[in-house]
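Worksheet: one structure, shown below.
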Amino acid sequence: MIYPHFGRFYAIMLVMCLLCPDTAVHAAKPEDTISSPSVQETSSIERAEKEKRQEKQILTLGQLIKKYPDTFKIHGPHVKQIALTFDDVPDPRFTPQVLKILSEQGVKATFFVVGSRAKKHPDLVARIVREGHVIGNHSYNHPQFHKLTMVEYTDQIIKTEKILYGITGYKPKLIRPPYGDITENQLRWAKREGYKIVNWNVDSLDWKGISKEAVKRNIMTTAGQGSIILQHAGGGSTSDLSGTIGALPEVIRELKKKGYTFVTLPRMLKVQKDK
């Protein structure tokens, strides 16, 4: 026996097939419909692909210097000025000797301070500033920046900054990364926060414990207009900086004879010493 409501159902389906065959087919087979990715899914895929591309685009220091010329410096203008810079201070063994030579020669320099050492020897940091020199931030304990997370990196800078502010009354604008090493994200943070990153273009290689003659040769063969010279006035427990201390007076005298004047980094780069 065929019930009346089944007859009406088949009649309705027959009319749908005749009037809208596509609709009827799709209504009968909804599993045939293929959905396209949503806008949200597409944007997530694009974002992941962009992040992968950025991970592969790690810039060298040379590329970073070209990309951020106002923030990342390795030399000054091409005029007859030279900036002497001394890293890894303060150190009671070497820093006072360097300060004595600079005083005798009438030269002002820039000293990049390690925060943990400043905490141990605040009197030496105060002396550096008192004698007319400029200080910069050289991290808290001299790590390789590229191995740090952003939180660890910013902590190195800010922790040292607080110590130096407590000793000198100002927060240094200049940062020199240990080993000259910095990533693009770290550089962007420094730029955003108003710092300048300053490396060098003349390396004395004095940290190797080389002779006075070797230190002098490394400097004199490459120093020129706008040079930023890297030396050290502090080091590890086995460091021997007698070569740089012995060479310094001769380097200063000979460069003066060639018509060069010695300036601090803020004066060379025309920036404030503090933030």
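Computed from heavy atoms alone, side chains included, the values below leave out hydrogens, waters and symmetry copies.
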Quiz item: Centres of the Phe111 and His138 rings: under 6.0 Å?
Solution: no
Drop me the distance from [X]'s [atom1] to [Y]'s [atom2], to the nearest 0.5 angstrom.
X	Y	atom1	atom2	result
Gln186	Ile157	CD	CD1	8.5 Å
Ile219	Glu254	CD1	CD	10.5 Å
Lys212	Ile245	NZ	CD1	12.5 Å
Ile128	Thr168	CD1	OG1	10.5 Å
Leu187	Ile197	CG	CD1	6.0 Å
Lys108	Thr261	NZ	OG1	14.0 Å

Exceeds 12 heavy-atom contacts within 6.0 angstrom, atom [atom1] of [X]:
X	atom1	result
Lys119	NZ	no
Arg267	CZ	no
Lys80	NZ	yes
Gln272	CD	no
Tyr165	OH	no
Lys100	NZ	no

Is there a donor in the side chain of [X] and an acceptor in the side chain of [Y], or the other way round, less than 3.5 Å apart?
X	Y	result
Lys66	Gln63	no
Tyr260	Gln225	no
Ser204	Gln231	no
Asp87	His232	no
Asn185	Thr183	no

Self-check item: Glu152 with Lys147: basic N within carboxylate O range, under 4.0 Å
Solution: no
Given side chains that start at C-beta, do those of [X] and [Y] come closer than 4.5 Å, heavy atoms only?
X	Y	value
Met220	Lys258	yes
Asn218	Ile210	yes
Trp207	Ser239	no
Thr110	Ile135	no

Practice problem: Would you mind telling me which of Arg117, Gln156, Lys159 makes a side chain to side chain donor-acceptor pair (under 3.5 Å) with Asn141? | Solution: Gln156
Quiz item: Which of parallel (below 30°), tilted (30 to 60°) and perpendicular (above 60°) describes His78 and His75?
Solution: tilted
Exercise. Please work out whether the ring planes of Trp189 and Tyr153 are parallel, tilted or perpendicular, with thresholds of 30° and 60°.
Key: perpendicular
Quiz item: Nearest heavy-atom pair of Ile229 and Thr85: which atoms, and what distance?
Solution: O-OG1, 2.6 Å
Quiz item: If you take all heavy atoms of Asn199 and Ile228, which pair is closest and at what distance?
Solution: O-CG2, 3.5 Å
Quiz item: Do Val251 and Trp200 share a hydrophobic cluster, counting only Ile, Leu, Val, Met, Phe, Trp and Tyr and linking them when any side-chain heavy atoms are less than 4.5 Å apart?
Solution: no
Quiz item: Taking a hydrophobic cluster as the set of Ile, Leu, Val, Met, Phe, Trp and Tyr residues connected by side-chain heavy atoms closer than 4.5 Å, whether directly or through intermediates, do Leu230 and Leu269 fall within one such cluster?
Solution: yes
Exercise. Step by step, work out the side chain to side chain donor-acceptor pair (under 3.5 Å) result for Tyr68 and Lys191.
Key: CA-CA 9 Å; Tyr68 301 92; Lys191 178 181 179 180; over 6 Å; no
Exercise. With Lys273 as the cation and Tyr170 as the aromatic partner, state whether NZ or CZ is under 6.0 Å from the six-membered ring centre and within 45° of the axis.
Key: yes
